[in-house]
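Here's the structure we're looking at; comments come further down.
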2 protein chains.
Amino acid sequence: MSREKLRTELRKEQIAQAAIELVAQRGLSGFSVASLADRVGLVPSAIYRHFRSKDEVLDAALDLIQQKLVANTRAVCDETSDASERLRRLLMRHVQMFRENQAVPRIIFAEEPYAGRSERKAITARIIRSYLDRVAEIVRQGQRDGDLRKDLNPATVSIMFLGLVQPAGVLWFVTDGRFDVARHLRSAWEVFHDAIRAD
Amino acid sequence: MSREKLRTELRKEQIAQAAIELVAQRGLSGFSVASLADRVGLVPSAIYRHFRSKDEVLDAALDLIQQKLVANTRAVCDETSDASERLRRLLMRHVQMFRENQAVPRIIFAEEPYAGRSERKAITARIIRSYLDRVAEIVRQGQRDGDLRKDLNPATVSIMFLGLVQPAGVLWFVTDGRFDVARHLRSAWEVFHDAIRAD
DNA sequence: CTGCAATGTGAACGTCCATTCGCTAATGGC
DNA sequence: GCCATTAGCGAATGGACGTTCACATTGCAG
């Protein structure tokens with residue numbers, strides 16, 4: 001009585017996606033091969049038809065996260081050419097992304113840098129870097145356009161931008177969604193925007 | 001051949017402290033009763049003379065973290081009465097606190113909200129809240145003194161302050177300490193301070 | 001239509017880990 | 001200095017989990 005068969009490429013992505021959701025919902029310790037298989041509608045051993053190990057699934061999940069982050073920055077850049085507006089929209093996009101976004105810090109913080117697997121920390125670092133670089137590029141663009149203050153370091157600004165999102169996400173998580181992220185971000189954005197825009 | 005005996009109050013604190021360091025270094029998944037006992041110089045079962053369960057150890061660790069955070073805000077308030085200076089010093093204190101600070105987000109993000117233990121999320125929320133409240137109080141004080149802009153919401157500012165520290169901590173962690181936290185914070189503080197101080 | 005490679009199944013294995021228990025050794029109040 | 005209490009030890013237990021393997025089923029290529 002085997003379930004529907006899927007080609008390994010589709011399955012792989014489906015499994016990686018399920019991994020992200022699972023980690024986001026139950027944390028890394030709730031992320032077992034059994035629960036993963038269950039969520040995809042498979043039996044645990046079937047996972048090993050597509051991945052050599054549980055660790056490999058996590059790596060694939062990280063890949064997927066990176067793709068999503070890139071897609072987000074691309075999208076806002078396509079929507080508008082105004083730097084301030086790009087950043088504001090990117091910020092708002094994060095509100096909707098929180099559920100899967102929670103998986104990022106969870107994977108980052110929970111993984112142990114035990115011998116041999118410390119590569120994942122490097123991978124994570126690269127993901128964050130590439131995201132920050134994209135944000136910094138938006139900032140640089142805004143500086144050229146005269147929209148943003150020219151005396152600010154784009155790298156600093158990009159990290160500060162990340163600092164708008166992150167604590168909001170944490171508060172949202174620990175209060176079980178009771179913290180009004182959108183409200184806070186609107187308020188914080190005003191202060192932040194005021195600080196970085198050209199007068 | 002039993003090791004030195006310690007009174008349970010001392011042991012409890014010692015164990016809680018060891019738990020923080022262990023989580024900070026190896027992550028939540030590296031935090032086992034065995035490794036914990038090892039670090040304290042005991043045998044696993046001995047832990048249960050002082051705590052009813054592993055979860056109880058984590059709760060004690062959270063308690064300890066809260067105490068440390070409170071101590072930090074107290075210290076900067078004692079050092080100076082200038083709101084801006086208080087915040088700046090609090091920020092710099094975090095640089096040195098990172099090692100144990102890493103335990104906070106790790107515990108927050110990695111724990112699963114499975115039935116019955118979701119109280120810990122509430123505890124974590126309370127810790128963060130109390131910290132934010134203290135920061136907000138510093139801000140309010142600064143507004144009364146005319147040091148900080150009066151039109152800003154102290155709650156928003158306190159969360160943004162947290163947003164200065166957090167991403168820096170993440171970057172520091174994923175780059176294995178290669179990211180220059182102090183440098184970034186000096187730069188970011190300038191922008192932030194500019195945004196919140198009264199003109 | 002046939003057969004082989006790709007997927008999926010279920011049982012089994014070994015490991016790790018939290019926790020329990022009976023015993024021993026130290027400590028502190030008397 | 002004596003004894004009860006407290007703290008620590010080591011072995012044992014039971015469950016969860018990652019992974020493997022032999023076998024079943026599916027679906028595509030020819």
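Just so we're on the same page: letters track the sequence lines, and every chain starts at 1.
Straight-line distance from the CD1 atom of B:Ile15 to the C1' atom of D:dG8: 11 Å, rounded to whole Å. The separation between B:Phe51 atom CZ and D:dA7 atom C1' is 14 Å, rounded to whole Å. Following rounding to the nearest Å, A:Leu42 (CG) and C:dT7 (C1') show an atom-to-atom distance of 9 Å. Rounded to a whole Å, the CG atom of B:Leu58 is 15 Å from the P atom of C:dC17. Regarding A:Leu28, its CG atom lies at a distance of 11 Å from the P atom of D:dG18, rounded to whole Å. The NZ-P distance, from B:Lys12 to D:dT6, rounds to 13 Å in whole Å. Between the CG atom of A:Leu10 and the P atom of C:dG8 there is a distance of 11 Å, rounded to whole Å. One atom, CG of A:Asp38, and another, P of C:dG8, lie 15 Å apart when rounded to the nearest Å.
Toward the 5′ end of DNA chain D lies the nearest nucleotide of B:Ala46, the other residue of the pair A:Ser32 and B:Ala46 mapping further downstream.
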Check residues 131-140 of chain A and write down every donor-acceptor pair under 3.5 Å in which the side-chain atom is one partner and the other belongs to a residue at least two apart or another chain.
from     : atom 1 : to       : atom 2 : distance (Å)
A:Tyr131 : OH     : A:His94  : NE2    : 2.5
A:Glu137 : OE1    : A:Arg140 : NH1    : 2.7

Please set out all donor-acceptor pairs under 3.5 angstrom arising from side-chain atoms of residues 31-39 of chain A, sequence neighbours excluded.
from    : atom 1 : to      : atom 2 : distance (Å)
A:Ser32 : OG     : A:Ser35 : N      : 3.1
A:Ser32 : OG     : A:Ser35 : OG     : 2.9
A:Ser35 : OG     : A:Gly30 : O      : 3.2
A:Ser35 : OG     : A:Ser32 : N      : 3.1
A:Ser35 : OG     : A:Ser32 : O      : 3.0
A:Arg39 : NH1    : A:Glu21 : OE1    : 2.7
A:Arg39 : NH2    : A:Gln25 : OE1    : 2.9

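The shortest distance between the side-chain N/O atoms of B:His50 and the OP1/OP2 oxygens of D:dT6 is not below 4.0 Å.
Taking CH2 from A:Trp172 and CD from A:Gln102, the interatomic distance works out to 6.0 Å, rounded to the nearest 0.5 Å.
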Counting primed atoms, P, OP1 and OP2 as sugar-phosphate and everything else as base, the B/S/- map of nucleotides 19-24 of chain C against protein heavy atoms under 4.0 Å is BBBBB-
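With respect to B:Arg149, the salt bridge (Lys or Arg N to Asp or Glu O under 4.0 Å) criterion is satisfied by exactly one of B:Asp151, B:Asp145, B:Asp147: B:Asp151.
In this structure, B:Val40 and B:Arg11 have side chains that are in contact, with non-hydrogen atoms separated by less than 4.5 Å.
Note on ring orientation: taking the six-membered ring where Trp is involved, the planes of A:His193 and A:Trp189 are parallel (angle under 30°, cut-offs 30° and 60°).
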